[in-house]
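Worksheet: one structure, shown below.
Everything numeric here is computed off the predicted structure, so don't read it as measured data. Chain A is the first sequence line, chain B the second, and so forth, proteins listed ahead of strands; every chain is numbered from 1.
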Amino acid sequence: MPPKRKAQAPLDDDGGFDSGAEEALSDQETFDKLRDSFDVKAMSRRLRATHATDPASFLFKKCDQWDAQLKPDHINRPLWVDDAGRIILESFSPIFKDAQDFLINIAEPQSRVSRIHEYSLTAHSLFAAVSIGKSSKEIIDTLERYSKTALSPSVISFIDKSTSSFGKAKIVLKKTLSYIESDDPTILQRLLKDATIAECRADTTDGLIMEAAPRIGVMAIPGTKMAAGANQVAHQVAEAAADPQAPSDMIAALREEDDDDEEVAQVHSFQIKSEERERVVKRCQDIGLPLTEEYDYETDMVNAKLDIDLRPHAQIRYYQEKALGKMFSNSRARSGIIVLPCGAGKTLVGITAACGVKKSTIVLCTSAMSVVQWRAEFLKWSNISSEDIAVFTSESKNRFPRNAGIIISTYTMITSTRNRSYDAEKVMEFIRSREWGLLIADEVHVVPANIFKKVTYSIASHAKLGLTATLLREDDKIEDLNFLIGPKLYEANWQELSEQGHIAKVQCAEVWCQMTPEFYTEWLKPSSVQKRALLSIMNPRKFQACQFLIEYHERRGDKIIVFSDNVYALEKYAKKLSKAYIYGDTPQAERLRILENFQHNDQVNTIFLSKIGDTSLDLPEATCLIQISSHYGSRRQEAQRLGRILRAKRRNDEGFNAFFYSLVSKDTDEMFYSSKRQAFLVDQGYAFKVITRLEGLEKRTDLAFYTTHERRELLMDVLLSKDADAAEEKINGDMFGSKFASTGRKGRKKNGARRTAGTLSELSGGQDMAYIEYNKSRNKELKTKVVKNGFLRKLQRGTANAKKAAKE
DNA sequence: CAGGAAGGAA
DNA sequence: CTATGTCCTTCCTG
């Protein structure tokens with residue numbers, strides 16, 4: 001994958017590197033001196049790595065390597081294709097739409113900034129193209145037609161080579177067992193020569209299993225069902241013929257299928273161990289013979305039909321239809337992944353897919369809350385009867401009464417390795433023992449986590465549909481989805497959807513906040529990353545910017561969410577500004593109360609959320625988002641947070657914009673992380689504007705931490721908080737260190753130290769600190785789990801205050 | 001219902 | 001560059 005590029009200039013047009021006009025001069029001097037004394041080289045190097053590449057330079061570089069002649073009418077052709085399979089699409093071309101539709105099928109979108117889109121041809125993307133029915137010739141011809149230059153031979157041979165062996169063998173399910181199947185026995189022989197695959201073989205026969213092609217009825221071995229199958233087709237043909245609306249080719253197709261059946265086409269197969277499914281699929285991809293997984297649901301006579309249809313009021317949007325079209329071509333369901341931004345109707349896509357397959361369906365979600373939502377959506381959009389949808393979570397362990405139905409559950413529920421309750425085990429048995437027509441994996445990007453990989457062999461499903469907004473992980477496991485679920489079938493273009501009003505338009509901005517001298521002085525002292533991070537977050541200028549933005553947007557009538565990963569900062573900010581906040585320990589009832597107020601009470605326009613709000617909370621009221629702590633360059637988190645405001649209810653109001661601010665403390669690590677986090681959104685075409693000063697901010701005297709005194713106090717508070725205790729070590733560490741060596745024995749990692757500190761809160765502040773410091777080095781062995789979190793935090797604050805008092 | 005255990009995110 | 005610490009979620013039990 002080529003490196004991501006920043007599309008926008010790092011600086012605002014007029015702003016430039018505004019060195020803080022809002023600072024009093026003396027502050028500025030102090031600040032400059034501080035900065036001069038600090039070695040900024042490392043940081044600027046990192047910044048340059050993400051900021052510096054200018055958006056067009058890579059084009060020129062590529063042109064240099066190019067001998068290819070431009071075609072005479074190149075101006076009418078929208079593509080540049082280099083010999084490594086990288087494709088540049090000009091979005092201003094008149095045939096942009098056609099070219100985009102084509103590219104999305106055969107290549108991986110890398111970046112879709114406003115004028116220039118970049119795609120790349122990969123083996124995976126070509127496999128996806130073949131599995132939705134594109135031939136190698138079709139791909140090459142179309143590419144050639146759109147390209148400004150003749151395709152290089154290496155690209156052609158890459159496409160040829162990659163596609164020639166695709167689609168020759170498939171993986172199928174018969175009576176919950178897995179088989180590799182092909183028309184061509186030599187392909188299977190070839191596969192069996194591979195040691196890994198041979199190892200995973202389950203049947204002990206020497207040769208291959210051979211049977212008539214699994215058209216109609218053949219799947220059923222004894223007579224009765226076969227007859228039923230044949231009957232059904234006859235019935236379908238009759239039905240189709242009787243229906244004046246039915247296109248004649250459809251009838252012909254059905255008849256043809258019937259005819260096919262009479263010629264005894266042979267199909268060969270061997271069985272593999274279900275638990276080795278992934279290994280086999282992966283191995284087959286590695287050796288260039290990827291397996292297709294398709295489900296011929298219409299002719300499946302073994303599994304009961306599920307009575308489900310979309311309700312008439314369910315309107316499928318065109319992009320949802322496109323996505324589903326990729327999944328359902330050739331009247332089969334194929335496994336794969338559909339990528340749609342948050343709020344673009346992923347659930348409806350899943351439900352429609354279930355309505356297409358009409359077999360038992362299992363839906364997996366990440367949290368119990370979305371399980372409830374999925375169920376509600378199913379009832380809303382389809383005519384499924386409510387008893388046919390079972391929910392399998394810790395609090396509800398239902399099964400459906402009939403032969404076919406829907407189960408909605410969580411990944412953890414399915415994959416848990418620990419002891420299950422009796423009921424849970426019963427339901428698991430039920431799930432394992434039957435065949436599923438469709439598996440819907442919500443938030444599919446979580447699946448590659450080690451534990452979740454198990455789902456695919458706990459559940460025997462004919463087809464799998466993965467849904468996600470952000471097919472992104474910071475590790476390299478995202479590739480695994482290719483064999484865990486299937487190829488990416490469709491990926492929507494965010495900009496296009498927002499232009500058409502399906503998701504909100506968003507203005508993104510990065511607000512650079514200068515560090516105050518007090519805070520920067522501390523920041524520059526050698527200390528832990530945690531402490532530095534905390535100082536950057538608690539930077540009073542950032543606080544003021546936040547306060548300013550909240551006031552500004554509240555006046556505009558926006559509903560604002562403020563995100564902070566850091567709970568300490570979350571609490572400080574929220575309390576200082578008298579706003580409600582929710583984090584992990586907030587009890588369910590309290591959460592609901594706050595959310596309720598946020599949505600319906602016009603006195604409550606701002607809430608503070610920890611990363612609890614990244615996913616799962618659905619807040620259609622929110623229109624403005626402020627990020628105050630944005631650690632670890634997680635692109636997915638950034639995208640997901642942005643997703644919180646994409647479904648803004650007011651999005652169709654004339655000229656409506658949602659706002660997304662990232663507050664960043666200047667000259668700290670946050671700058672680096674921030675640009676890293678934005679990479680994904682920038683590739684989706686979002687332009688981040690850099691704001692170096694907020695108009696009117698400097699004139700305000702009523703903002704928090706206006707006086708030096710207040711800022712000092714805040715600094716003290718920060719330094720004494722649990723995250724920033726390194727400085728005290730020297731003072732108190734050796735005085736009390738040994739005294740408590742035998743006290744605590746347990747506790748998980750650093751938490752242990754914190755917990756134990758709680759239990760010892762009756763000690764004086766100084767001793768307490770010493771204790772914490774002493775145990776820092778050996779907290780791996782600590783293991784006391786005494787008090788619960790919420791209580792602890794209270795104690796924590798108590799001890800912090802005690803420390804402060806002791807110091808003064 | 002509180003609390004523990006386990007695991008994920010990045 | 002990787003390892004880390006912190007937060008959050010799930011499920012199950014006493």
Quiz item: Of all heavy-atom pairs between A/E491 and A/P109, which one has the smallest distance, and what is that distance?
Solution: OE1-CG, 3.4 Å

Practice problem: Among C/dT9, B/dA10, C/dC11, find the nucleotide with the atom closest to the side chain of A/A368. | Solution: C/dC11

Practice problem: Check the angle between the aromatic planes of A/F660 and A/F688 and answer parallel, tilted or perpendicular using the 30° and 60° thresholds. | Solution: perpendicular

Quiz prompt | Among C/dC12, B/dA10, C/dC7, the one nearest A/S421 by side-chain distance | solution = C/dC12

Quiz item: Taking OP1 and OP2 of B/dA10, is either one under 4.0 Å from a side-chain nitrogen or oxygen of A/S634?
Solution: yes

Quiz item: Does the side chain of A/S416 get closer than 4.0 angstrom to OP1 or OP2 of C/dC12 through an N or O atom?
Solution: no

Exercise. To the nearest Å, give me how far apart OH (A/Y411) and P (C/dC8) are.
Key: 22 Å

Practice problem: Kindly say if A/R636 contacts the phosphate of B/dG8, meaning a side-chain N or O under 4.0 Å from OP1 or OP2. | Solution: no

Quiz item: Mind checking whether A/T586 and A/I612 have side chains closer than 4.5 Å, heavy atoms only?
Solution: no

Self-check item: Axial cation check for A/F598 ring with A/K559, 6.0 Å and 45° limits
Solution: yes

Quiz item: To the nearest angstrom, how far is A/Y568 atom OH from C/dC7 atom P?
Solution: 13 Å

Quiz item: Are A/F430 and A/K426 side-chain neighbours, meaning at least one heavy-atom pair lies under 4.5 Å?
Solution: no

Quiz item: Over how many whole Å does the gap from A/Y673 atom OH to C/dG5 atom C1' extend?
Solution: 12 Å

Quiz prompt | Distance below 4.0 Å between A/K397 side-chain N/O and C/dC12 OP1 or OP2 | solution = yes

Quiz item: Taking atom P of C/dT9 as reference, at what distance in whole Å does atom CE of A/M413 sit?
Solution: 18 Å

Quiz item: Where the side chain of A/K611 is defined as all heavy atoms beyond and including C-beta, which of B/dA10, C/dC7, C/dC11 is the nearest nucleotide?
Solution: C/dC7

Quiz item: Hey, where does DNA chain B pair up into stems, meaning at least three consecutive Watson-Crick or G-U pairs with distances under 3.5 Å?
Solution: B:1-9 with C:6-14

Quiz item: Taking CG from A/D475 and P from C/dA3, how many angstroms apart are they, rounded to a whole number?
Solution: 13 Å

Self-check item: Aromatic ring pairing A/Y520/A/W523, orientation class (parallel under 30°, perpendicular over 60°, tilted between)
Solution: parallel

Quiz item: Looking at B/dA10, C/dC8, C/dC11, which one has an atom nearest to any side-chain atom of A/T393?
Solution: C/dC11

Quiz item: Among the nucleotides C/dC8, B/dA9, C/dC11, which one has an atom lying closest to any side-chain atom of A/S394?
Solution: C/dC11

Quiz item: What class does the angle between the rings of A/W494 and A/F680 fall in, given that below 30° is parallel, 30 to 60° is tilted and above 60° is perpendicular?
Solution: perpendicular

Quiz item: What nucleotide among C/dT10, C/dC7, C/dC12 has an atom nearest to a side-chain atom of A/V567?
Solution: C/dC7

Practice problem: Provide, to the nearest angstrom, the distance between the CD atom belonging to A/Q637 and the P atom belonging to C/dC7. | Solution: 13 Å

Exercise. Check whether any side-chain N or O of A/R473 sits under 4.0 Å from OP1 or OP2 of B/dA9, and answer yes or no.
Key: yes

Quiz item: Between atom NZ in A/K676 and atom P in C/dC1, what is the gap in whole Å?
Solution: 9 Å

Quiz item: Once you round it to whole Å, what is the distance between C1' of C/dT6 and CD of A/E571?
Solution: 15 Å

Exercise. Sort out for me which residue in A/K572, A/K576, A/K575 forms a salt bridge (Lys or Arg N to Asp or Glu O under 4.0 Å) with A/D717.
Key: A/K572

